[in-house]
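In what follows, a single structure is set out as structure tokens and then discussed.
Letters A, B, ... are given to chains in the order of the sequence lines, protein chains preceding strands, and every chain is numbered from 1. Atom set for the values below is all heavy atoms of this structure, side chains included, hydrogens, waters and symmetry mates excluded.
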2 protein chains.
Amino acid sequence: MDNPLIKRMEQFTAFSDADRHLLNELLAQNQKHHGAREDIIREGEHSDDIHIVLSGLACRYKILENGTRQIMAFLIPGDPCDAEIFILKEMDHSIGTVTPSLISSVPGHTMKDLLLNRPGIALAFWWSTLQDEGILRERIIDEGRRDARSRIAFLIYEMLLRMRAVGVIDDLRFEFPVTQVDLADATGLTPVHVNRMLQQLREEKLIAIEGRYWTVLDPAGLRKVARFEANYLHLDRAKDQPDSEARDRLKGLI
Amino acid sequence: MDNPLIKRMEQFTAFSDADRHLLNELLAQNQKHHGAREDIIREGEHSDDIHIVLSGLACRYKILENGTRQIMAFLIPGDPCDAEIFILKEMDHSIGTVTPSLISSVPGHTMKDLLLNRPGIALAFWWSTLQDEGILRERIIDEGRRDARSRIAFLIYEMLLRMRAVGVIDDLRFEFPVTQVDLADATGLTPVHVNRMLQQLREEKLIAIEGRYWTVLDPAGLRKVARFEANYLHLDRAKDQPDSEARDRLKGLI
DNA sequence: CGATTCATTGACCGGGATCAAGAACCGTGG
DNA sequence: CCACGGTTCTTGATCCCGGTCAATGAATCG
């Protein structure tokens, strides 16, 4: 059974059996369970290892001088937290779990070796980086030019798509145990306003929330409210390869 | 005389003479002048070449369905526009000039070759990518959690620092021929409000604007208003290497 | 079953948007 | 050298989305 990193990378590229085997071996070696609301690595720290989320939910965030927190990205299974951290002296932001998560560590020198000597794997990581940048840019658009309702709709739709893409879910229901304060920190809104927008989306029968589980009731409707265009995720293989698993996983959403 | 890409990369790393020579050769080969307000590459297009800004000013942007524009980043001399574009099928955003600019093209296969076979150069590009991501994340914080005045102050301070770092300027005055509409598109504000905030910053004697030239009158004051922390730029060499040129160029600013 | 965290609601406020009009600053051509 | 049409900048009046403050439920958990 392939690990989530491989599933994620297969959105973009096809691995050789050797590369796939290597990645499976590698991620099996150093795994660590983290509880909910634990930091994996903190702003200002250095790490010689890189971290990859295998299960659970984590986020990139930064605490500002005035005590407010900005969440810059959610990390789901298959996401590398900091693929190039080993070349940096220190992190410019923190990464912490939201729910209990299983995190795999890979030594930086191993990572460097892969990037320089395994073209297939290097290619996959470049692609992954490009998707991450796309997600960051889309968040900038979000905060700059979309109103609160679209912004939240966008975030939900993106989470649905990303979770489907790595096979964490296969329908319209997903585990997303964030508080409304978390969502506020991720969207640049206040918790009070997030609450009101969520109520609105529920009244419109676009989404339903039962505890930690969210259901997208009307994907097309939610997508329209979010003005969601999937091109920034670069899911080329999912779109073009008629026989790819990734394509099946995203049917009807992109 | 080293080209701006090398100067940019030397913020982070030291090149061997061979690498430096190679990069100088490479960027000298395909250069093209673009007029002001011209697209270098458009959303939806593919390019087999990558582009690097040698002089002038460009930006990454996206036009939304409703016609509004979001500028996600300004690109200054030394910035690669799209270092990994050759592996993507199509751009998820556009890149256009603000002022007349000189742009160098490097074939994708050459780029790939460098990334796989020239560890020193690959390292520099990884670093560059990490800085770009840091800049994007900082913009998210900006729009999410800083008010209009800080946001604009931050942008100005960042431009000052980045231009100094690559040696485009060596004092507190720099060419930054953007309209207030451009600034509004970059900060997620309206032109009217940008105007008011700029007036305020001028009244506070933090900045002065004469046509296309901006002067930071009070760097420490501006930095404070912006709540600027330079760590996200990862200018390690500039900070730590007492003898580096990059360090001299940033004296008093970080 | 108390205690703490989280969701919800209402009243009110304010930063920044919107709308509209005029002023200053162009580059261009006569 | 000046007239003029188009940007760009500036200013004022008004509005509203989302923030702030505060209190009450609901849920979760030792």
Using a distance-only test with no angle check, is there a side-chain donor-acceptor pair under 3.5 angstrom linking B:D132 and B:T129?
no
Quick one: does any side-chain atom of B:D82 pair with a main-chain N or O of B:I85 as donor and acceptor, under 3.5 Å?
no
Let me know which of B:R60, B:K62, B:R69 forms a salt bridge (charged side-chain N to carboxylate O under 4.0 Å, His left out) with B:D185.
B:R69
Between P of D:dT11 and CD of B:Q200, the distance in whole Å:
13 Å
Rounded to the Å, how far apart are B:H193 NE2 and D:dT14 P?
19 Å
Is atom CZ of A:R202 surrounded by more than 12 heavy atoms (other residues, nucleotides or ligands) closer than 6.0 Å?
yes
I want to check one thing: is the phosphate of C:dT9, taken as OP1 and OP2, less than 4.0 Å away from some side-chain N or O of A:Q199?
yes
Inter-end axis angle, the helix from C:dC1-D:dG30 to C:dC26-D:dG5, with every axis fitted to five base pairs (rounded, 10 degrees):
50°
Rounded to the nearest angstrom, tell me the gap between atom CG in B:D142 and atom C1' in C:dG16.
15 Å
For the backbone of B:V225 and the side chain of B:S150, can you confirm whether one donor and one acceptor N or O come within less than 3.5 Å of each other?
yes
With a 4.0 Å cutoff (strictly under), does any side-chain N or O of B:N195 reach OP1 or OP2 of D:dT10?
yes
Pairs under 3.5 angstrom only: tabulate donor-acceptor contacts from the side chains of residues 206-213 of chain B to other protein residues two or more places apart or in another chain.
from: B:E210; atom 1: OE1; to: B:R173; atom 2: NH1; distance (Å): 3.1
from: B:R212; atom 1: NE; to: B:E175; atom 2: OE2; distance (Å): 3.0
from: B:R212; atom 1: NH2; to: B:E175; atom 2: OE2; distance (Å): 3.1

Where each residue is assigned the nucleotide of DNA chain D containing its nearest heavy atom, which of A:V192 and A:A148 is assigned the position nearer the 5′ end?
A:A148
Is there a side-chain hydrogen bond (donor to acceptor under 3.5 Å, both in side chains) between A:E158 and A:Y232 once you walk through the steps?
CA-CA 11 Å; A:E158 185 186 287; A:Y232 73 98; 2.6 Å; yes
Please report the distance, rounded to the nearest Å, between CZ in B:R212 and P in C:dC25.
16 Å
For A:T190, answer base if it contacts any base atom (sugar-phosphate contacts may also be present), sugar-phosphate if it contacts only those atoms, and nothing otherwise; contact means non-hydrogen atoms under 4.0 Å.
base
Atom pair distance, as rounded to whole Å: CD in B:E143 and P in C:dG16:
13 Å
Residue closer to the 5' end of DNA chain D, A:R149 versus A:G211 (nearest nucleotide):
A:R149
Touch check for B:L189, heavy atoms < 4.0 angstrom, all strands: base, sugar-phosphate only, or nothing?
sugar-phosphate
Tell me whether the side-chain N or O atoms of A:R196 pair up with the base of C:dG10 as donor and acceptor below 3.5 Å, since no angle test is needed here.
yes
Over how many whole Å does the gap from A:E203 atom CD to C:dA7 atom P extend?
17 Å
Is any side-chain N or O of A:R202 closer than 4.0 Å to OP1 or OP2 of C:dT8?
yes
Please determine, for the side chain of A:Q180, which listed nucleotide (D:dC9, C:dA11, C:dT8) has the closest atom?
C:dT8
Protein-nucleotide distance (A:D182, atom CG; C:dT5, atom P), rounded to Å:
14 Å
Nearest-angstrom distance from the residue atom CD1 of B:I152 to P of C:dG15:
15 Å
